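Letters go in sequence order (proteins before strands), and every chain restarts at 1. A quick note: this is a predicted structure, and the numbers were derived from the prediction, not measured.
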Amino acid sequence: MDMQKTYNPKDFEDRIYADWEKSGHFRAEIDADKVPFTIMMPPPNITGQLHMGHAMDATLQDTLIRFKRMQGYAALWLPGCDHASIATEVKIVEKMKSEGVTKADIGRDGFLERAWDWKEQYGNRIMLQQRKMGTSCDWSRQAFTMDEKCSRAVREVFVNLYEKGLIYQGDRIINWCPCCKTALSDAEVEYAEEGGHFWHLRYPAADGSTDVVVATTRPETMLGDTAVAVHPDDERYKSLVGKTLKLPLTDREIPVVADEYVDPAFGTGCVKITPAHDPNDFEVGKRHDLPVIRVMNDDGTMNGLAGAYQGLDRYVARKKIVSDLEAGGYLVKIEAHTHNVGHCYRCHSTVEPIVSKQWFVKMEPLAKPAINAVMKNKVKFVPERFSKIYYNWMENVRDWCISRQLWWGHRIPVWYCQDCGKVICTKDDPTVCPKCGSAHIRQDEDVLDTWFSSALWPFSTLGYPDETEDYKYFYPTDVLVTGYDIIFFWVARMIFSGIEHTGKVPFHDVLIHGIIRDEQGRKMSKSLGNGIDPLEVIEKYGADSLRLSLLRGVAPGNDTRYSDTKVEACRNFINKLWNAARFVLMNVGSVKKIPSIETVKLAPADKWIISKLQNCIREVTTNLNKYELGVASDLVTDFVWDNFCDWYIELSKPALYGEDEGRKADALAVLCFVLENALKLLHPFIPFVTEEIYANLPKTKGSIMVAEFPRYNSKMAYKKEAKAFEGVMEIIKAVRAMKKDADCPPSKKVELHIVTDSKRLIQLNKDCIIKLSGASALNFVDSAAEVDGKTVSSVTEIAQIYVPLGELVDVEKEKARLTAEIERIDGEIARAESKLSNANFVNKAPQKLVDAEKEKVKKYQDMKAKCVAQLESL
RNA sequence: GGAGGCGUAGCUCAGUUGGUUAGAGCACUACCUUGACAUGGUAGAGGUCGGAGGUUCGAGCCCUCUCGCGUCCACCA
């Protein structure tokens with residue numbers, strides 16, 4: 001194989017993805033002998049472009065699905081797009097505006113035609129971008145929230161809920177966006193603190209006897225006031241209750257009512273009541289049977305009931321009303337006031353609470369079982385703390401406003417008979433009124449909240465309401481992966497929808513990740529222009545590097561900052577892996593036949609690396625199963641860099657460059673074995689480069705993505721042998737440090753004279769010690785006295801090492817070093833002994849820990865004695 | 001107002017039921033182009049884990065209080 005000296009992902013990422021797609025390995029097959037594992041991809045909006053949030057989503061899900069696929073599960077990752085009703089409509093309207101066309105100009109059908117064109121044009125863009133990330137999802141099952149399948153599920157669910165009385169139509173206060181001209185759900189409103197004013201207004205009594213002062217943040221709504229309320233126990237206003245006030249700027253008179261809602265301690269204790277424009281006032285109005293007077297149009301201008309202010313924009317009207325009030329002597333004072341103002345989550349206009357006839361989903365009966373499911377662990381949030389956020393929302397949720405005054409979306413399946421007024425809601429489109437037979441029936445103009453269809457995603461995409469093979473096999477799904485920002489919008493709604501419509505929770509686990517911030521920790525946003533385009537990162541560093549940087553050291557649920565440096569570090573790791581593979585493959589050619597690992601006579605270093613590998617396999621698997629992807633990726637990268645590259649490859653060199661052909665072949669067998677396993681462990685995280693290398697290994701065939709994920713093999717654990725070998729490694733490290741301390745050039749080979757009880761172990765690894773420590777020879781001696789000339793020395797657990805360095809030896813420095821070492825050891829002994837002298841520790845701590853401390857004391861006392869002896873010999 | 005999070009090396013962050021001497025990457029110091037890799041190697045330096053109490057044989061981790069900084073939810077007109 002011809003491998004470049006440096007890793008260059010551009011050479012192969014696209015090619016490998018194309019091969020994968022061709023291979024059919026992405027497709028999940030129903031297989032009775034396998035266990036299904038299903039992930040539903042959170043459908044990105046058709047208007048969307050790949051951003052870091054998607055990159056994070058994709059990386060986590062792809063890592064999990066590849067892991068499970070390699071473990072032998074029938075792994076389905078189902079991709080798709082969301083029609084994103086309001087977001088898409090806003091964009092299309094914007095585009096039309098630039099062409100000078102309005103919705104009214106082209107009508108509903110014309111608009112929908114444009115919308116579908118838009119979907120065709122942009123709907124696939126993000127799916128193509130996803131491929132760049134290496135996503136191994138089942139494109140053959142790709143879905144769209146408005147495709148036939150999903151639409152049928154929406155219809156089924158709507159009618160069922162309607163028939164159960166869980167969907168109703170009513171005049172209620174909703175959040176109205178005057179810009180998008182549609183109702184919004186509570187979840188679609190974002191609150192932000194804004195500086196505003198508190199206008200104090202005087203309403204005179206009709207009989208002129210007195211007046212009351214009320215305060216408001218929205219003076220224009222006073223035109224819709226139908227009462228003033230005071231607290232029933234408020235002595236100041238008791239006599240006022242039942243009296244009539246004159247509403248300024250109008251010729252209307254309004255009553256004073258008593259209601260518990262009023263807080264007598266706040267403001268003047270008098271509240272103007274505007275049932276059509278405030279949710280609390282609406283409730284007060286209902287209790288007192290007050291008229292509801294809506295004074296604003298859908299576009300935020302004042303309507304005919306606003307009298308002289310008709311046609312004015314809400315803010316223009318506000319200004320004029322205030323000045324008119326002032327002129328009339330009704331304005332008492334203006335206070336500065338900061339308050340939270342709701343904004344449309346799509347266009348960011350200030351929303352108006354307005355009374356309007358809309359469709360609602362009754363939440364209480366749906367929320368209860370959904371709360372239970374999480375309480376009983378049928379659905380588990382990872383990390384667990386997000387279940388509290390979920391409870392908090394679910395327990396306080398209000399009825400869900402699902403109708404939108406938009407055209408792009410699922411049209412509400414309700415018809416009204418023009419003749420008898422019958423409301424018709426059926427699964428099949430009606431042609432005549434079932435009650436009176438009239439053909440004059442008209443469908444509701446509105447469409448459904450986009451999240452109504454997203455809520456059904458885990459089962460609508462699998463064929464619900466039909467009991468399809470896919471549905472039976474893959475549902476419920478296993479894990480949902482998403483950011484904490486859409487728990488309310490989506491996760492919560494999927495949970496109650498799944499339970500209500502399928503009788504099952506839609507997924508067992510919810511893996512929540514944080515958001516990716518910019519390098520300064522700010523949220524990435526269009527307005528700040530601080531977004532980082534994953535495609536550019538991929539272009540520069542490759543998809544594997546980006547993926548790894550999104551995984552390493554990241555804890556579930558925590559936000560993380562994007563950093564070029566981190567991506568670079570990951571790229572460097574992959575380059576390291578690349579070169580390790582290059583090293584192995586370069587040497588493969590020099591051997592006739594590589595034996596199978598089972599037949600190899602393993603050297604101590606071999607057993608050590610295999611032991612480390614087994615440990616790594618076990619830990620990585622455990623952590624992946626716990627969704628600790630950050631820990632898992634750290635473990636496997638550390639294994640490859642530290643254990644395999646920095647140690648084992650170097651340890652293998654004496655064998656590879658030696659004369660013993662058998663030993664050479666054995667070492668190569670171990671190198672191949674470990675590399676192959678490492679690639680498999682890494683594949684879920686960095687799929688491209690592992691595939692590229694894997695294809696070139698001897699004895700591998702097929703794609704690594706369907707290779708078996710390594711399994712822990714206790715026969716290969718070699719715990720004792722690995723521990724013993726670490727004694728050898730300590731000697732190597734000690735010699736390196738000694739040379740460095742003595743300013744001995746690394747290229748200068750030195751003689752090692754060793755006093756030890758572990759002669760056999762050291763003899764077995766003599767070549768390695770010489771090679772890795774930069775020595776020329778290794779001799780065993782019985783004491784320092786046997787070594788000629790001035791030496792530096794070091795004590796490790798299994799050996800005393802003497803290195804004659806002639807002129808380089810600085811006796812004073814050497815004394816100082818030994819003294820410091822003795823001091824350090826004394827500290828360790830003191831620490832351990834103080835623990836052991838504590839009766840409570842000895843009695844209460846686990847025996848294992850007590851024994852370990854005893855061992856430690858013994859070990860350090862032994863080392864100390866040796867250090868003292870060396871010091872004395874100087 | 002309610003809930004939840006964060007504070008650990010110069011920087012960015014890990015640290016899973018409490019248990020050896022608290023880890024990584026980047027940055028830093030010194031040396032090294034040694035036949036995979038300078039996107040590298042070797043050896044280092046760097047932390048009283050925000051603060052104060054408490055529980056425990058033992059606390060970065062558990063409890064209480066406290067300081068600082070984000071987040072979400074609710075919202076008094």
For B:C37, does the base pair up with any side-chain atom of A:K576 as donor and acceptor (N or O, under 3.5 Å, distance only)? yes

Among the nucleotides B:U16, B:U21, B:C13, whichever has the atom closest to the side chain of A:N623 is B:U16

Practice task
Give A:Y390 one of three labels, base, sugar-phosphate or nothing, depending on what nucleic acid heavy atoms sit under 4.0 Å from its own.
Solution key: nothing

**Asked** For atom NZ of A:K813, is the number of surrounding heavy atoms from other residues, nucleotides or ligands below 6.0 Å larger than 12?
**Response** yes

Q) Is there a donor and acceptor pair, one atom on the side chain of A:K740 and one on the base of B:A30, closer than 3.5 Å? A) yes

Among B:G44, B:U21, B:A36, the one nearest any side-chain atom of A:E650 is B:A36

inquiry  = Applying a 4.0 Å non-hydrogen cut-off, can you work out what A:W199 is touching in the nucleic acid: base, sugar-phosphate, or nothing?
reply    = nothing

Item to complete: Give a yes/no on whether any side-chain N or O of A:N572 is located under 4.0 angstrom from OP1 or OP2 of B:C37.
Response: no

Q. Has A:K844 got a side-chain N or O lying under 4.0 Å from the OP1 or OP2 atom of B:G19?
A. no

Among the nucleotides B:U21, B:A77, B:C73, whichever has the atom closest to the side chain of A:F488 is B:C73

Requested in this report: Could you tell me whether A:C645 contacts a base, only the sugar-phosphate backbone, or nothing, with contacts defined as non-hydrogen atoms closer than 4.0 Å?
Outcome: base

- Determine the contact category for A:A852: base if any of its heavy atoms lies under 4.0 Å from a base atom, sugar-phosphate if only primed atoms, P, OP1 or OP2 are that close, otherwise nothing. nothing

query: Is A:R561 near enough to B:C13 that one of its side-chain N or O atoms lies under 4.0 angstrom from OP1 or OP2?
result: yes

Rounded to whole Å, NZ of A:K848 lies from P of B:C57 at a distance of 21 Å

### Task
Check if the side chain of A:K626 and the base of B:U16 share a donor-acceptor pair of N or O atoms closer than 3.5 Å.
yes

From CG of A:D518 across to P of B:U12 the rounded distance in Å is 12 Å

Per atom distances to the A:Y657 side chain, the nearest of B:U39, B:G35, B:A38 is B:G35

Syn within 90° of 0, anti beyond: B:G70 is syn

Between A:I769 and A:I732 the two heavy atoms that sit nearest each other are CA-CG1, 3.9 Å

- Task: Ignoring backbone atoms, test whether A:H200 places a side-chain nitrogen or oxygen under 4.0 Å from the OP1 or OP2 oxygen of B:A77.
- Result: no

Here the distance between atom C1' of B:U56 and atom CG of A:N840, to the nearest Å, is 10 Å

Margin query: More than 12 heavy atoms of other residues, nucleotides or ligands under 6.0 Å from NZ of A:K653: yes or no?
Written below: yes

Do the side chain of A:R571 and the base of B:U39 come within less than 3.5 angstrom through a donor-acceptor pair of N or O atoms? yes

In short, A:D399 meets A:M363 closest at the heavy-atom pair OD1-N, 3.0 Å

Taking B:G4, B:U21, B:G70 as options, the one with an atom nearest any side-chain atom of A:R517 is B:G70

Out of B:U21, B:A24, B:G15, minimum distance to the side chain of A:A555 belongs to B:G15

Using a heavy-atom cut-off of 4.0 Å across all strands, would you classify A:I487 as base, sugar-phosphate, or nothing?
nothing

Atom CG of A:N838 and atom P of B:U56 are separated, to the nearest Å, by 13 Å

When A:E220, A:M222, A:H197 are each screened for side-chain contact (heavy atoms from CB on, under 4.5 Å) with A:R318, the one that passes is A:E220

If only side-chain N and O atoms of A:R831 are considered, is one of them under 4.0 Å from the OP1 or OP2 phosphate oxygen of B:U21?
-> yes

Worksheet item: Between A:W393 and B:G4, is there a side-chain N or O to OP1/OP2 distance below 4.0 Å?
Response: no

Of A:Y261 and A:D634, the one whose nearest nucleotide on RNA chain B sits closer to the 5' end is A:D634

- Taking the inter-plane angle between the rings of A:Y390 and A:F381 on a 0 to 90° scale, is it parallel (under 30°), tilted (30 to 60°) or perpendicular (over 60°)? tilted

| said: Assess whether a salt bridge exists between A:D810 and A:R817, defined as any Lys/Arg side-chain N lying under 4.0 Å from an Asp/Glu carboxylate O. | reply: no

Between CG of A:D564 and P of B:A27 the distance, given in whole Å, is 13 Å

Separation of B:C11 atom P from A:E519 atom CD, nearest Å, is 16 Å

query = So what does A:S747 hit on the nucleic acid, given a heavy-atom distance under 4.0 Å: a base, only sugar-phosphate, or nothing?
reply = nothing

Does A:N280 have a side-chain nitrogen or oxygen under 4.0 Å from the phosphate oxygens OP1 or OP2 of B:C76? yes

For this session: Check whether any side-chain N or O of A:R582 sits under 4.0 Å from OP1 or OP2 of B:C37, and answer yes or no.
Result: yes

Of A:W393, A:Y484, A:Y345, A:W400, the one forming a ring pair (Phe, Tyr, Trp, His ring centres under 6.0 Å) with A:F489 is A:Y345

The nucleotide from B:A77, B:G19, B:A14 with an atom nearest the side chain of A:L849 is B:G19

Against the side chain of A:K653, the closest entry in B:A77, B:A36, B:A38 is B:A36

* Respond yes when some side-chain nitrogen or oxygen of A:N340 is under 4.0 Å from OP1 or OP2 of B:C76, and no when none is. => no

### Task
Remember a base hit wins even if backbone is also touched, and classify A:D741 as base, sugar-phosphate or nothing at under 4.0 Å, heavy atoms.
nothing

Under-4.0 Å side-chain N/O to phosphate OP1/OP2 contact, A:K5 with B:A38: yes

Side-chain contact check for A:K272: nearest option of B:A77, B:A14, B:C57 is B:A77

Taken to the nearest whole Å, CG/A:N558 to P/B:U16 is 12 Å

What contact category does A:P846 fall into here, base, sugar-phosphate, or nothing, at under 4.0 angstrom with non-hydrogen atoms? base

Value for NE2 (A:H231) from CG (A:D259), rounded to nearest 0.5 Å, stands at 8.5 Å

- Under 3.5 Å, is there an N or O donor on one side and an acceptor on the other linking the side chain of A:N843 and the base of B:C57? no

### Query
Base, sugar-phosphate, or nothing: which does A:T6 touch, judged by heavy atoms less than 4.0 Å apart?
base

- prompt: Between B:C49 and B:G10, how far is it from one P atom to the other, in whole Å?
  reply: 13 Å

Worksheet item: Is a donor-acceptor pair below 3.5 Å formed from side chain A:Y562 to base B:U12, judging by atom type as modelled?
Response: no

Heavy atoms of A:G195 and A:T338 approach each other most closely as CA-CG2, 3.7 Å

To the nearest angstrom, the CD1-C1' distance between A:I732 and B:A43 comes to 15 Å

The residue, A:D263 or A:R824, whose nearest nucleotide of RNA chain B is more 5′ is A:R824

Testing B:A36, B:C73, B:G40 for proximity to the side chain of A:N392, the answer is B:C73

